[in-house]
Amino acid sequence: MSCEPWQCAEIAATKKANPIQKPEIAVAMIKRAVRPILVVGSNATARFMEGKPLIDFLIDFANASKVPVVATAHMVSEFLKRGYTPAGYMSAMDIGNRLVDPTWQGLDGKGHPDLAIFVGLPYYMESLILSGLKHFAPDLKTMTIDNLYHAHASWSYPNSTLEAWAENLKVMTLKFKEGGN
Amino acid sequence: MTTKNVRVKIDELKTNLGLIKNLDLSVGKIVDDSWTEPMGPTPMPGLTTLRDWDMTLLNKYKPFYMPDCDLCCLCTYGKCDLTAGKRGACGLNIADQSSRIVLIACCIGAATHNGHARHVVDHLIEKYGRRYPLDIGGLNVKVEAPVTRLVTGVRPQTLGDLDEVLTYCESQITHLLSVAHTGQESSNLDFESKALHAGRIDQVGMEVADIAQVSVFDFPKADPEAPLIKMGIGTVDQSKPVIMCIGHNVVPSVGIIDYMKEQKLDDKMEVVGLCCTAIDNTRYFDRAKIVGPISWELRFIRGGFADVVVLDEQCVRTDASLEAERVKAPVIAASEKNCIGYKNRTNDPADQIVEDLVSGKVPGVLILDPEKVGEVAVKVANRVAPIRKKMKSLPEIEEIKELAKKCRNCNMCQRSCPQDLSIPKAIKAAAEGNYAPLADLYEECIGCGRCEEACPVKLEIHSFILKIGEKNMLEETNYCRSGRGAIQDVEIRSVGGPIVLGEIPGIVALVGCANYPHGGKDVYDICREFALRRFIVVTSGCSAMSAGSYRNEEGKTLYEEFPGGFEAGGVLNVGSCVSNPHIAGAAIKVANIFAKRNLRGNYEEIADYIHNRVGAVGLAWGAYSQKAASIASGFWSLGVPVLVGPHGSKYRRMLLGREDKPDNWEVYDARTGDKVNVGPAPEHLFQTVETPQEAMVTIAKLCIRPNDTWKGRSIKLSHYIDLHKRHYGLMPPDIDRFIRTPADIPMTMKDEITALLKAKGWKESIIPDPTLLPRMIRKTKE
């Protein structure tokens, strides 16, 4: 699939995301990070694959990878309903604003994240936040595990189908389960 | 007004000295001293007069930039790549450029409202004279122009006074826009300060426009019981000729309505409106009807309901004329700001223009004389209606099935849709004779038409959606309360204390357009939630329409369910876009009427008062224009937080507080000069929220103010906690930041919260007399 912004008018950036051609690559990048976080947006309950909402895939992934989750919007309640407690929750703008602050010591106060993974925000909103991070958090790596290409991330999957998305998420989860974290 | 022009004109005067003929003498201005309020420190502020106040706010709420574009392409040195700290050929970096774009947006918005005001005021002065008195609400509204008084130090009493206020505004907008030129300002915070100034000027311009039209056109004058207006396509009697007015400037519509009345046709025709012209039409003529917000333009035109389309200014689809041509509806362009390429027929005889439009010789005309617009529109509508027979440009259902089979499944419709709607699936289903997914899109689509533009086989996807939703469209019958205008002084006296003390938990203002999937319903739900919680809910413009577009279980719209007064549990529509300063004005009047603070040219002190004491929050839910940027900026400048829905993130800059940084939340106690940490109240000045659930929780939280009494804080916290638990499923983690004394704890949650405070090592603090201004400290510590 293509590495063009999913929404046509979201023009390409001068510095574009490296495509994640295989989920194993994403897993390797995440494993390399010391303090990753996963930011989950409100589409987590609005996107369905294989008869399940996205959030179910993400909980499996978070449990396997042990990457701390930051839920945006009202998603914290959806996580709690499913028996998963996110490491934190705040508005998407607030987490973006903290990530551009090099003095922010992360959700646990132990250090600034070195990798921010985004998934499930409205496309244009995620694109803007990733742009803000690209410009104002030069030491931070960003990744999106959506099925839509985000030019402003450091790494992004190409545009792909829901079926391919589900498969990617499952493979990533499996790789963490197999290989530990 | 403090100054007046004096002009002496003598046709003939015989004196001992001789005969004087045709003497015309202007002696400039004389001072009117009848306003005894002392002048404050900042009348008619320039670009930097309030810079210190701006920087105080910008230090507390720092900009978070999300550039929409890595480039600057505003001059021929460029394009310059500003990615991640690079500077362009002029030296600007991406933060500067981002704030520069904010300033430009605010200048466009401010210029638009001030241009609107200028047109209205000049037209009314030409017709009624400079001395025409302003009357906003008779004896009920003595503070007739709180924003103008506050910013300019002027108390306008006549149309001529408004002219002079606008002259000041126009000079400021010129200076502000010039700042965006290459090689001017070089600090993002200074750009931001100037954007705040643009917001102040915008508020003045809007206020001028509205008080001029309220006074002269006899709109409802601060009337809590302004009439209920029929709203929705289903309320339009299609057996009658229909004139549709689109835009924001009511002057041409007044010409139409006056002519209809003169000809005794006002019950034989329909005048309907879209966008703010619709709201203002109903303020002038309560039998005018509101069709809907800005996003209904294609719906209404393609549906063939209009026999004549009259376009004025602002928020008019620039292809509205092309769409009207398709349904053989003649178009009258009525604003010099929106000429549409039509020939200017202002000076032609009306009947000749009518003949040309009825015969189809020309699809549209430009007429800049509102009375002539009225005559031509009425005559054309009456003659065209029997010929057009409400001709539509919608396909038949069977046609949709056949056309849908042409779809190439390229997904470009979805990729072009601002909402990322599942259009390809709906088209595929339609090709198989299943129209349910298209029907679902009717509720979600905002009517922008981008899907059609992207389609490589030119499927008229929006028309498909409209046809499938046609039955729903024809059944849309609701009520909107006509715009009431200002808030009465007596209303402020009644609620000023409870607002400042926190016992009325907040003022929630829903403004702008709800262009978002289910956005109208979201606006309704949010309004109702907070009205039931006894907040004061204020609306304007397209949000006022959305608020009235749904009904409760008893079949009542919000305007039937709740009172229209500025009171706990009231749901008010102040009017159109230019009525928004009545909302800011209410907050200003709380400071003036309730707290006895002087307004006149005293911006900083009043803004500080509002920021620390008046629990007001604005919400603009849908996608909107540059005008929302300037409207929001006017509220930010007063220290009032504004929330936007997801599309609002595209304003590309938020003003965010950091609740995790205690130093951010210190205020002075004006009694002692001590610095007191008051917690994140309010936490943000400009923030995007993602879902209506998040909006509700955030609104309740943003209404908290440092000055709340223990009783008021307890009430506010009970709403915040209740909404947080309902939508987030747990107790707010920051509750300890808002509790100053045990009395602040809501009684029903005492045990739970007390345990939480203990676990967090909470310590009691004081309730200060809060201010951000050192000069407001009454006793300076040594």
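The figures here come from the full heavy-atom set of this structure, side chains too, leaving out hydrogens, waters and symmetry mates. So you know, we letter chains A, B, ... as the sequences are listed, proteins then strands, and number each from 1. Predicted model only: the values in this text are computed from it and were never measured.
- A donor-acceptor pair under 3.5 Å is absent between the side-chain atoms of A/Ser131 and the main chain of B/Asp68, judged by distance alone.
- Interface remark: B/Asp420 contributes backbone and side-chain atoms alike to the contact with chain A (heavy atom separation under 4.5 Å).
- Scanning all heavy atoms of the two residues, the minimum distance from B/Tyr728 to A/Val76 falls at O-CG1, 3.5 Å.
- Only the side chain of A/Leu80 has a heavy atom closer than 4.5 Å to any heavy atom of chain B.
- The salt bridge (charged side-chain N to carboxylate O under 4.0 Å, His left out) test applied to A/Lys15 returns no partner, not counting sequence neighbours.
- Heavy atoms of A/Tyr89 lying under 4.5 Å from chain B belong exclusively to its side chain.
- No part of A/Tyr123 comes within reach of chain B, as not one of its non-hydrogen atoms sits under 4.5 angstrom from that chain.
- Shown here is A/Arg32, whose CZ atom has no more than 12 heavy atoms of other residues, nucleotides or ligands within 6.0 Å.
- Applying a 4.5 Å heavy-atom cutoff, the residues of residues 95-112 of chain A that approach chain B are A/Gly96, A/Asn97, A/Arg98, A/Val100, A/Asp101, A/Thr103, A/Trp104.
- Of the atoms belonging to A/Leu148, it is side-chain heavy atoms, and not backbone ones, that fall under 4.5 Å from chain B.
- The number of heavy-atom neighbours closer than 6.0 Å to NZ of A/Lys52, taken from other residues, nucleotides and ligands shown, is above 12.
- Within residues 163-172 of chain A, no residue has a heavy atom under 4.5 Å from a heavy atom of chain B.
- Contact residues of residues 34-45 of chain A toward chain B are A/Gly41, A/Ser42 (heavy-atom distance under 4.5 Å).
- Using a 4.5 Å cut-off on side-chain heavy atoms (C-beta onward), B/His684 and A/Met93 make no contact.
- Contact between B/Glu690 and A/Gly120 at its shortest, heavy atoms only, is OE2-O, 4.4 Å.
- Using a 4.5 Å heavy-atom threshold, the side chains of A/Tyr124 and B/Pro418 count as separate.
- At most 12 non-hydrogen atoms from other residues, nucleotides or ligands lie less than 6.0 angstrom from OH of B/Tyr77.
- Looking only at distances, a side-chain donor or acceptor of A/Ser77 sits under 3.5 Å from a matching main-chain atom of B/His727.
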